[in-house]
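So the structure is just underneath, and the comments pick up after that.
Residue numbers begin at 1 in each chain, while the letters A, B, ... track the order of the sequences.
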Amino acid sequence: MSPMHRVLIPGGGVGGTLTANLLARRLRRRIDRGEVEVVVVDAAGAHVYQPGFMYIAMGGERAERLQKPERALLDSRVRLVIGSVSRVDEVARIVHLEDGAALPYDQLVLATGSRIVPEEIEHFATEAHHFYTADAALRLRRALDAFTGGRIVVGIAGMPYKCPPAPLEVAFLIEAELRERGLREGSEVHFCSPIGRAFTIESVSEMATPILEQKGIELHTFFNVEGIDPARKVVLSLEGEELPYDLLVLVPPHKGAQFLIDSGLAPAPGGWLPTDRHTLRVGGRPNVYALGDATDLPLSKAGSTAHFEAPVVVEGLVAALEGRTPSGKHASYEGRVMCFFEVGDGKGTLLRFDYDHPPKPPKPNQLWHLGKIVFNKTYFHTVPKGRV
Amino acid sequence: MLATASATGTIARTIDARGSYCPGPLMELIRGIRESQVGDVLAVLSSDRGSKIDIPKWVDKAGHRLVALENLDGYDRIVVEKAR
């Protein structure tokens, strides 16, 4: 009997969970015969629906509804190990955990996501709000509740970051809320973009810019956050501008997992894995894949990206196990991403694109807003289990 | 007309952002500028068609100096001096 083939997946987010479940479905007989083992390693053992955080701040969402035990979402054939990865030994093909455990692998799928590093901006913790954790989103909600008028600045303190539309969505939603509460006349809303337009993708920028104008949200381009002066209540840009604020909302800087840098898999300081845009293999290695936020691909860091990448990773893993080249409709990843985009006042639009086809967002309407709400409510029953 | 690369003096650092897409090359340049001293000259290589428009605009806004912009074989070479 040949030795057991081990597929190890650090990361229990969208990418890791879906990859494990799709793999377990395709290899169920081999797993049952003890020829293959699929292992997910997750630090918390909990699966969090991160896009919901924004709705804690803006839409009455509750943190407890955004989290499920990872075990409950995984196929029963997948083994779950709860622990934090400290290092990958590529020579020995072993992943070491902080608790001393050593997990051997034949194929490795890095689904380690991204992490926020607000501490890289001095005074961020005391001056800036964000919506990238449940607690931070709740603090932003409370700050908005206490807001009675003044200057609100929404900006981006580092690229790349999770869910590219989110800061624009928050600016739109805050502006709509101020109108509903009768605070709009006594308030200004400013949106700061690090690049020369409102959004990275040109067609989306062309859709969003007139909405910013219509809502009276002032757009500041080429505003790369360099620091915060808490005494004067101003946010400073690398380009030499200053913007005063009464309420500051900033997307914090993001990085990849530290152990990827420490193991020589990803370059410092960002820690994004050098990933082939079609095969999703890391740095030319035949047995290491990456998906989701962890890659350096020029795509949205969003669950949707991982969702569409997972079947390609699975086909690559199965093909390697069977000694053939990947084939069929998931042989290659073509950059497919799909995400909803809120514009406020109960309206939204849809961004659907791939490497070769930029999005052509439809005119915002109530349907796409409702689509996002339905997706948020049904997520745990659909995406991680591979039902959509 | 901008100076050619040969007239730009010493390049302190070349950032090869070929294969990276908007805003990758600009973000790489911004990181390079943050890590450089005033007077340093940086070269960015970019195959993204938007870079030759976006990067000069950013350089102007940020108060640095565009030293050269060259169209080479399938990519652009943009040379910038950190001015402040």
Side-chain angles (χ1 to χ4, degrees), chain A residues 120-121 156-161 164 192-206 219-227 236-241 251 253-255 267-272 274-278 283 295-301 335 337 353-358, chain B residues 2 12-67 69 71 74-84:
Chain A
E120 295 209 338
I121 305 273
I156 297 157
M159 292 180 90
Y161 60 90
C192 306
S193 170
I195 62 169
R197 52 181 178 256
F199 193 74
T200 49
I201 303 171
E202 205 159 354
S203 60
V204 179
S205 203
E206 285 168 4
L219 171 64
H220 303 264
T221 57
F222 291 133
F223 194 105
N224 284 276
V225 173
E226 184 72 353
L236 313 159
S237 81
L238 175 70
E239 292 78 11
E241 282 184 282
V251 174
H254 285 56
K255 284 186 171 181
W272 310 115
T275 308
D276 185 279
R277 59 203 259 117
H278 295 300
T295 79
D296 70 346
L297 294 175
L299 291 165
S300 300
K301 295 206 177 296
V337 179
F353 55 99
D354 61 35
Y355 288 135
D356 299 322
H357 303 89
Chain B
L2 293 165
R13 181 170 168 188
T14 295
I15 298 162
D16 189 351
R18 286 175 292 181
S20 175
Y21 295 85
C22 172
L26 172 61
M27 291 299 129
E28 290 291 312
L29 172 63
I30 287 173
R31 182 150 67 88
I33 289 278
R34 278 189 163 128
E35 293 166 357
S36 300
Q37 306 295 317
V38 172
D40 283 356
V41 177
L42 288 82
V44 189
L45 313 183
S46 174
S47 50
D48 184 79
R49 284 179 299 176
S51 293
K52 63 174 178 281
I53 298 163
D54 292 346
I55 289 180
K57 278 187 189 167
W58 178 80
V59 168
D60 182 48
K61 169 95 183 262
H64 301 301
R65 192 167 77 87
L66 184 67
V67 178
L69 171 54
N71 299 117
Y75 67 94
D76 295 310
R77 182 172 180 267
I78 305 157
V79 183
V80 178
E81 181 185 342
K82 179 165 177 166
R84 60 173 188 88

### Query
Taking A:T200, A:I195, A:T221, A:L238 one by one, which has the highest count of heavy-atom pairs under 4.5 Å against chain B?
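Highest number of heavy-atom pairs under 4.5 Å: A:L238.
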### Task
Mind telling me whether A:Y355 and A:H278 have parallel, tilted or perpendicular rings, with 30° and 60° as the class edges?
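A:H278 and A:Y355: perpendicular rings.
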### Message
Surrounding CZ of B:R13 (heavy atoms of other residues, nucleotides or ligands, distance under 6.0 Å), is the total greater than 12?
### Response
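For B:R13, atom CZ is crowded (more than 12 foreign heavy atoms under 6.0 Å).
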### Query
So with a 6.0 Å cut-off around NZ of B:K61, is the heavy-atom count from everything else above 12?
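It does: B:K61 NZ has more than 12 such atoms within range.
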### Message
I'd like to know if the side chain of A:T275 pairs up with that of A:T295 as donor and acceptor (distance under 3.5 Å, no hydrogens or angles considered).
### Response
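Side-chain D/A pair, A:T275 to A:T295: absent.
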### Message
Which atoms of A:E202 are under 4.5 Å from chain B, going by heavy atoms: the side chain, the backbone, both sets, or neither?
### Response
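Neither part; nothing is under 4.5 Å.
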### Query
Measuring heavy-atom distances to chain B, does A:P194 have an atom under 4.5 Å in its side chain, in its backbone, in both, or in neither?
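A:P194 touches chain B through backbone and side-chain heavy atoms alike.
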